[in-house]
J.: 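One structure is given below, represented as structure tokens, and several questions about it will come after.
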2 protein chains.
Amino acid sequence: MDAGTEGSEPQGGVSSVGRVTLQQLAQELGLSTATVSLALRDSPVVADATRHKVLEAARSRGYVANRGAASLRTARTNIVGIGLHDIINPSFTELLAALEDSLSAAGKTVLLGVSQEDVARQTRTLGTLAEYRPDAFIVSPAAGTTVNDLRALAASGIAVVQVTRQVEGSGFDFAGSDDVAGVALGVAHLVELGHRRIGMIGSFPAASTGRSRLAGYKAGLAAAGLPFDPALIAEGPGLRETGRAGVLQLLDLPQPPTAAVCFNDLNAFGALMGLQSAGLTAGRDFSLVGYDDVSEAALWHPPLTTVFTRIPEYGVIAAGLALKRIADPTRPVERVMLTPRLVVRDTTAPPPTGRR
Amino acid sequence: MDAGTEGSEPQGGVSSVGRVTLQQLAQELGLSTATVSLALRDSPVVADATRHKVLEAARSRGYVANRGAASLRTARTNIVGIGLHDIINPSFTELLAALEDSLSAAGKTVLLGVSQEDVARQTRTLGTLAEYRPDAFIVSPAAGTTVNDLRALAASGIAVVQVTRQVEGSGFDFAGSDDVAGVALGVAHLVELGHRRIGMIGSFPAASTGRSRLAGYKAGLAAAGLPFDPALIAEGPGLRETGRAGVLQLLDLPQPPTAAVCFNDLNAFGALMGLQSAGLTAGRDFSLVGYDDVSEAALWHPPLTTVFTRIPEYGVIAAGLALKRIADPTRPVERVMLTPRLVVRDTTAPPPTGRR
DNA sequence: GGCGGCATCCTAAACGATTTAGAGCAGGCG
DNA sequence: CGCCTGCTCTAAATCGTTTAGGATGCCGCC
């Protein structure tokens with residue numbers, strides 16, 4: 001490590017003097033812990049004068065409640081565990097931001113676990129989170145997760161809501177978008193522009209989103225009376241690299257497509273790069289539809305036509321579902337699927353004439 | 001909400017039967033809680049046969065430890081609170097990912113708080129996190145944070161390490177990169193290519209990074225014997241929009257620069273878009289140096305010349321500092337500044353001839 | 001004057017783990 | 001036979017809160 005390291009005086013603690021507890025406060029005030037506890041939480045049964053004394057003492061002594069101790073007694077932690085498989089992917093970052101924002105607004109704190117798309121790591125991570133007894137879990141399951149992998153979660157009695165992806169038959173609440181309709185929307189747009197050979201870039205059958213989006217692709221073709229040709233699918237996960245290689249692979253076909261929909265925006269960004277490296281211009285030589293509409297999509301050159309899956313919206317909804325289930329664990333399972341919206345920008349246009 | 005909502009049977013809990021505790025395990029096994037506790041943590045004082053019985057029972061009954069209760073006794077939570085001001089910005093996402101990864105590898109769990117670049121919200125958030133008694137805080141302070149704002153943290157007796165940004169005089173550990181050297185590196189690169197009028201896009205004096213990077217810009221100019229001209233600075237936070245507007249603003253100058261360094265990569269991405277909208281090509285008509293080298297940078301078109309600040313590396317280091325301070329709260333303060341590295345790609349070239 | 005009713009505060013028992021001091025017990029040894 | 005040593009295990013205190021169920025004192029009222 002070529003680091004510039006500089007040592008100096010130890011951390012100056014103003015008063016590392018044994019953290020002040022509610023009991024100490026009580027003793028100093030000549031009150032019982034019960035009274036102090038009630039006063040701190042604005043109970044109406046404690047006299048105004050007393051409450052003020054307590055609050056003042058708490059402030060001046062720098063009292064900060066020990067939520068762990070309180071939780072032990074109340075069996076409520078105000079923690080929500082969030083299990084994601086990936087936080088680098090911008091769509092999940094946007095999701096995390098939305099979740100954190102609404103949860104913290106509701107007084108919950110976020111305990112984060114990342115599974116890196118690895119089921120074993122996911123069970124380990126969720127197991128660890130569970131030891132903190134979150135009031136709820138919000139999970140986007142790693143690819144390949146089965147109902148069995150989630151059984152422990154179900155047995156824990158903790159509220160669970162799935163977001164974005166779902167494990168079929170898990171019986172948990174869900175918030176996400178209607179991927180079948182979403183991709184079909186993209187295909188329909190291309191069809192309307194005159195495209196007849198339309199590929200799909202990115203295919204990820206290990207996740208529910210992968211299956212649904214593929215189904216949406218097929219549905220879109222079928223609705224237009226177009227045949228499904230497996231050769232037009234460039235497989236791979238939702239990464240830029242998949243898109244770059246995928247579009248080149250499609251262009252190399254004996255009968256290349258004139259357009260493609262993508263599994264997600266990252267695929268599309270990669271495909272845009274691939275087109276550029278092949279000397280082609282997206283929108284003119286080849287049409288491309290992304291998926292998700294992450295905030296970058298509008299800013300690419302050319303701006304990406306894509307399908308807005310309303311991630312921030314369903315993030316808020318997922319947080320709401322968690323809160324509702326915490327409040328009433330016996331309420332019926334709720335599955336919310338938002339209808340995506342097509343966002344037409346500049347990467348789609350009628351197919352190049354003369355090549356039709 | 002145009003949501004497709006579907007209700008059905010309530011969540012099926014395999015056994016919502018009152019969560020099994022260590023005491024219950026002990027009772028069922030005819031052992032004391034002490035023995036069970038020791039067995040679960042692989043203490044050598046408990047006989048092998050007993051340990052096996054305990055572990056087997058724990059497994060079959062689905063026992064999951066209550067870390068809150070344990071923490072109450074041990075005064076250690078294995079939680080690390082992470083306070084960031086922003087998680088959408090890809091550089092902070094990459095930082096968060098690195099932090100989470102090394103902390104979870106060390107058996108710590110991440111409690112997340114986001115301040116949205118708002119000091120008041122930051123104190124509220126950190127206060128809430130503190131109630132969970134994390135073993136340490138890792139914080140990238142919101143812009144405008146003063147030593148005073150962090151005093152409560154210092155007084156809490158919780159280990160604190162700052163990452164990326166630091167509040168001068170706070171006396172906390174720090175891990176980040178040497179921004180003065182980093183930006184100077186970018187300037188030197190442009191000078192070497194022959195540029196004489198070099199602007200800076202993005203300037204953010206409310207954060208230590210903003211001040212250091214500006215200082216680096218000035219240092220770079222001074223080293224080359226070039227004058228500092230305030231008109232060549234396009235102010236604004238590290239967002240794409242700042243970059244887009246900033247580059248146009250610079251180009252509109254009576255004596256426009258032929259190149260610019262940026263506060264961060266987002267600024268550079270925006271500037272690339274701005275150039276494109278002005279019909280200019282980065283690298284040919286105008287040279288641009290980003291800052292951070294987020295993973296996107298290599299993938300833009302053209303690929304961005306930028307300064308790699310080694311975010312994932314100092315993320316790991318920050319996590320390590322936190323662990324070390326947890327282990328020894330009295331160790332001397334350590335400040336680590338990694339030396340950034342220039343990454344030359346395609347957005348920099350000699351200034352256009354004839355316009356020099 | 002006794003008593004009910006308030007308002008206010010307190011006692012004490014949880015919550016679920018960890019940990020220390022020491023209890024049983026078996027075997028070995030003088 | 002008595003004592004010491006090791007190996008296991010247990011009893012009980014403890015961490016910092018919350019909360020049910022009193023206790024206390026004061027007032028007014030019949």
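Every chain is numbered from 1, with letters handed out A, B, ... down the list of sequences.
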J.: Just how far, in rounded Å, is C1' of dT8(C) from CG of L29(A)?
T.: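 Computing the L29(A):CG to dT8(C):C1' distance gives 16 Å.
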
J.: For L38(B) and dC7(D), give me the distance from atom CG to atom C1', rounded to whole Å.
T.: 14 Å

J.: Have a look at T35(B) and say if it touches a base, only the backbone sugar-phosphate, or nothing, with a 4.0 Å heavy-atom cut-off.
T.: base

J.: Any side-chain to backbone donor/acceptor pair from T33(B) onto Q23(B)? Under 3.5 Å, distance only.
T.: no

J.: Could you check whether D149(B) and T146(B), counting side-chain N and O atoms only, form a donor-acceptor pair closer than 3.5 Å?
T.: yes

J.: Given atom CD of Q24(A) and atom C1' of dC15(D), what is their separation to the nearest angstrom?
T.: 12 Å

J.: Please tell me which of the listed nucleotides, dT18(D), dC9(D), dA17(C), lies nearest to the side chain of T33(A)?
T.: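 Minimum distance to the T33(A) side chain belongs to dT18(D).
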
J.: What's the CZ-P distance between R133(B) and dT17(D), to the nearest Å?
T.: 7 Å

J.: Check whether any side-chain nitrogen or oxygen of R41(B) sits under 4.0 Å from OP1 or OP2 of dT19(C), and answer yes or no.
T.: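 Looking at the OP1 and OP2 atoms of dT19(C), one of them is under 4.0 Å from a side-chain N or O of R41(B).
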
J.: When you measure from the side chain of Q23(A), which nucleotide among dT19(C), dG16(C), dT17(D) comes out closest?
T.: dT17(D)

J.: Would you mind telling me which of dC9(C), dT18(C), dT17(D) lies closest to the side-chain atoms of A70(A)?
T.: dT17(D)

J.: Starting at atom CD of Q27(A), determine the distance to atom P of dT17(D), rounded to an integer number of angstrom.
T.: 14 Å

J.: So, does T128(B) use its side chain to make a donor-acceptor pair with the main chain of R124(B) at under 3.5 Å?
T.: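 Yes.
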
J.: Rounded to the nearest angstrom, tell me the gap between atom OH in Y63(A) and atom P in dG16(D).
T.: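 It works out to 10 Å between those atoms.
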
J.: Out of H52(A), R59(A), K53(A), which residue meets the side-chain hydrogen bond (donor to acceptor under 3.5 Å, both in side chains) rule with E56(A)?
T.: R59(A)

J.: Which of the following nucleotides, dT10(D), dT19(C), dG16(C), is nearest to the side chain of S32(B)?
T.: dT10(D)

J.: Are S37(A) and dT17(D) close enough that a side-chain N or O sits under 4.0 Å from OP1 or OP2?
T.: no

J.: Heavy atoms under 4.0 Å, any strand shown: does A34(B) hit a base, just sugar-phosphate, or nothing?
T.: base

J.: With nearest nucleotide decided by heavy atoms, which residue, L31(B) or A65(A), maps closer to the 5′ end of DNA chain D?
T.: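 Checking each residue's closest nucleotide, the 5'-ward one belongs to L31(B).
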
J.: Mind calculating the distance between CG (D42(A)) and C1' (dT18(D)) to the nearest angstrom?
T.: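 Computing the D42(A):CG to dT18(D):C1' distance gives 16 Å.
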
J.: What is the distance, to the nearest angstrom, from the CZ atom on R67(A) to the C1' atom on dC15(D)?
T.: 18 Å

J.: For S140(A), what residues pass the side chain to side chain contact (heavy atoms under 4.5 Å, CB included) criterion, not counting sequence neighbours?
T.: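 In terms of side chain to side chain contact (heavy atoms under 4.5 Å, CB included), with neighbours along the sequence ignored, S140(A) is linked to L84(A), H85(A), F92(A), V163(A), T164(A), R165(A).
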
J.: Ignoring hydrogens and geometry beyond distance, is the side chain of R73(A) in donor-acceptor contact with the base of dT17(D) at under 3.5 Å?
T.: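 Answer is no: no donor-acceptor pair is held.
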
J.: Taking OP1 and OP2 of dA17(C), is either one under 4.0 Å from a side-chain nitrogen or oxygen of Y132(A)?
T.: no

J.: May I ask you to evaluate whether T50(B) reaches the phosphate of dC9(D), defined as a side-chain N or O under 4.0 Å from OP1 or OP2?
T.: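 Looking at the OP1 and OP2 atoms of dC9(D), one of them is under 4.0 Å from a side-chain N or O of T50(B).
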
J.: Go through dT17(D), dT8(C), dT18(D) for me and flag the one nearest to the T21(A) side chain.
T.: dT17(D)

J.: Between dT18(C), dG16(C), dT8(C), spot the one nearest the side chain of L72(B), thanks.
T.: dG16(C)

J.: Taking all non-hydrogen atoms of both residues into account, name the closest pair between T93(B) and I87(B) and its distance.
T.: OG1-O, 2.7 Å

